[in-house]
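Take a look at the structure set out below.
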Amino acid sequence: MRQMLVVYRRELGAYFKTPIAYIFVPLFVSVLALFVFKIDLFFELNRADMRNFFRYVPYFVMVFAPAITMRLWAEELRSGTAELLMTLPFHSWELVVGKFLAAWTILALTLLCTLGAAAAIAYAGDPDWAPIIGGYLGALFMGSVFIALGAFVSSFTKDQVVALLVSLVAGFFLCVVLSEYFPMWFGIRDTNFARVIEQIGVRSHYVSIERGVLSLRDFVYFATCTAFLLALNVFRVQARRY
Amino acid sequence: MSLGPASGPAAGAAPLISVTELHKSYGATRAVDGVSFQVARGQIRGFLGPNGAGKSTTIKIITGYLAADAGSVRVAGIDVAEEPIEARKRIGYLPESLPLYQEMRVDEYLQFIAKSRRMERRGAAQRIAEVMALLGLERMKKRLTGSLSKGYRQRLGLAQAILHDPDILILDEPTNGLDPQQIIEIRALLVRLAATKAILFSTHILQEISAVCSQIMIIRDGRLVADGTPAELAAAPGSERDWEIVISGTEEMPYADLDALGIGTPAGSDLAEGGRVYRFRRASELDIAVLGGRVTRTGRRLIEARRATRTLEQVYLELMGVGAKGAA
Ligand SMILES: Nc1ncnc2c1ncn2[C@@H]1O[C@H](COP(=O)(O)OP(=O)(O)O)[C@@H](O)[C@H]1O
Ligand SMILES: [Mg+2]
């Protein structure tokens, strides 16, 4: 545990010592704000909730997570520091979890930066706080799946750009392809197969949160996906030795 | 050599590094092909070979970065495949690639290493100061590691490796890219450290190794082709002896005349004071009086005949299949 925190702190430090945190976080927040305020809320300002905000969040996280995770392993493999890290007395899981938590922290900080929107809504009306808190928690947990996915992908390559593109595609698959859209496109709505596809995908689980329906099932789903991807990452790191 | 195996404090004890029949392939490339050796406390073992011979691969297996296809490695009696964490605690490792986190400052980097090594905070601060002083890094304390010159980067890499005062020090081409002055400093440091440690250090430069190593092994195409003290390596194989004879006349002797000397075909000849020196190797003793007579019959004079010791350089070139080997 203590050793995992050593990895976590170094990794978090790296985000703030390199331009990543200063480029991607403001970019994320401002583009999201633009979408929410200029395009949507403009028409429905009288509604004091954040439904539109949380409607966009999964897609933003889908794009943003790969941008913060692409360097996690790829940069270590490129610069040779992987050889140092993997010959220091760390267990593989300490490296994997430490790195994951650092990237997740960046995501959490970014979501925190959007709290300004919540404040604006509170000022405009008298919002129902439960769905807003639920929406944030949902975004954070959904984000952990994308962060774990991006970290896993990053452990396959020395090239951050490759890591970025592959995790984008994988994230798109998980969020958009495995959703109600897929059965729609293929004209197989309302079949059992369609329901299974939907349940595997991230979106259906986020949608209930977006509606303000906090269900334990959805959180279990996110936690299970994250744990599964982290386990794959541990195996991958160990398999690199062969 | 004062640093022989018997001079170490734990002479006779189990070796700190013990490598047995190591094999490793990358696809069709056999990078390491049956390497075995041991390093005891107090020894500096040089690991010499041309680029691509398999030095780094062997080292990466010992340090646990790579897994072997076959064979085993024990450090301080611990199998690196079975107890990787315990084994790594005992090793200080300087990889060839000099793994520094570019965005960290020198002291931050060493603090990270200290925490990774589970050192106590207070002890760590003191030890970091000590190691920075030892390697002349104090002035660079607040510099970003990415902005250091090659020499300082190498020193920081070494500082990182010795920070936790490991029993086993493994250095992959530690003098790579250093200037002669820095090389001499590092050598002196290694000799000082060697008293209490087992040191394995690789290089593709011969001169580096003969200056500090008590034991030298030479690797080629993944196989050890020589292993011993510098003196053992310099001796000709088996009962053969190398000879050098100086004969008057600056022109090389014609083949018929050389043949008449009855010494076989010389490996080579060079201009020398008073004539030419001819080098050759033979298993039987050389009767200098008889040889002198034969030389006189060719109309020349035998000026000198002496036993030659080979330099490590000659040994190395022979083992690499360059030079005299084919001619003898
Ligand atoms: N990651 C790798 N993938 C494929 N081949 C490799 C890899 N690393 C080394 N090799 C090959 O293995 C052989 C030994 O390499 P190496 O151990 O680095 O030699 P040295 O350190 O003595 O220069 C070389 O032929 C090299 O090309
Ligand atoms: Mg090498």
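We name chains A, B, ... by the order of the sequence lines, and we start the count at 1 in each one.
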For chain B, the option from A:R10, A:E76, A:M86 that forms the most heavy-atom pairs under 4.5 Å:
A:R10

Distance, nearest 0.5 Å, that separates CD1 of B:I85 from CG of A:L88:
9.5 Å

Separation between OH of B:Y65 and CG of A:L84, rounded to the nearest 0.5 Å
10.5 Å

Based on non-hydrogen pairs under 4.5 Å, which of A:G13, A:S79, A:A14 is most in contact with chain B?
A:A14

Chain A contact via B:I113 - side chain, backbone, both or neither, heavy atoms under 4.5 Å:
side chain

Looking at A:P89 and B:R117, what are the two nearest heavy atoms and their distance?
CD-NH1, 3.5 Å

Contact class of B:E86 relative to chain A, heavy atoms under 4.5 angstrom:
neither

Once you round to the nearest 0.5 Å, how far does CZ of A:F16 lie from CD of B:E103?
13.0 Å

OH (B:Y93) and OG1 (A:T87) are apart, to the nearest 0.5 Å, by 6.5 Å

Contact winner vs chain A - B:G64, B:S116, B:P84, heavy-atom pairs under 4.5 Å
B:S116

Donor-acceptor under 3.5 Å (B:R88 side chain, A:F90 main chain)
yes

Look at atom NZ of B:K141 and say whether more than 12 heavy atoms of other residues, nucleotides or ligands are closer to it than 6.0 Å.
no

Give the minimum heavy-atom separation between B:P99 and A:G80, together with the two atoms involved.
CB-O, 3.3 Å

Would you say that more than 12 heavy atoms from the other residues, nucleotides or ligands in this model lie under 6.0 Å from the CZ of B:R30, or not?
no

With a sphere of 6.0 Å drawn around CD of B:Q126, does it hold more than 12 non-hydrogen atoms of other residues, nucleotides or ligands?
no

Distance from B:K24 atom NZ to A:Y242 atom OH, nearest 0.5 Å?
8.5 Å

Are there more than 12 heavy atoms of other residues, nucleotides or ligands under 6.0 Å from atom CZ of A:F156?
yes

Return the option, out of B:Q102, B:K89, B:E108, with the maximum number of heavy-atom pairs under 4.5 Å with chain A.
B:E108

Let me confirm one number: the CD-OG distance from A:E83 to B:S56, rounded to the nearest 0.5 Å.
8.0 Å

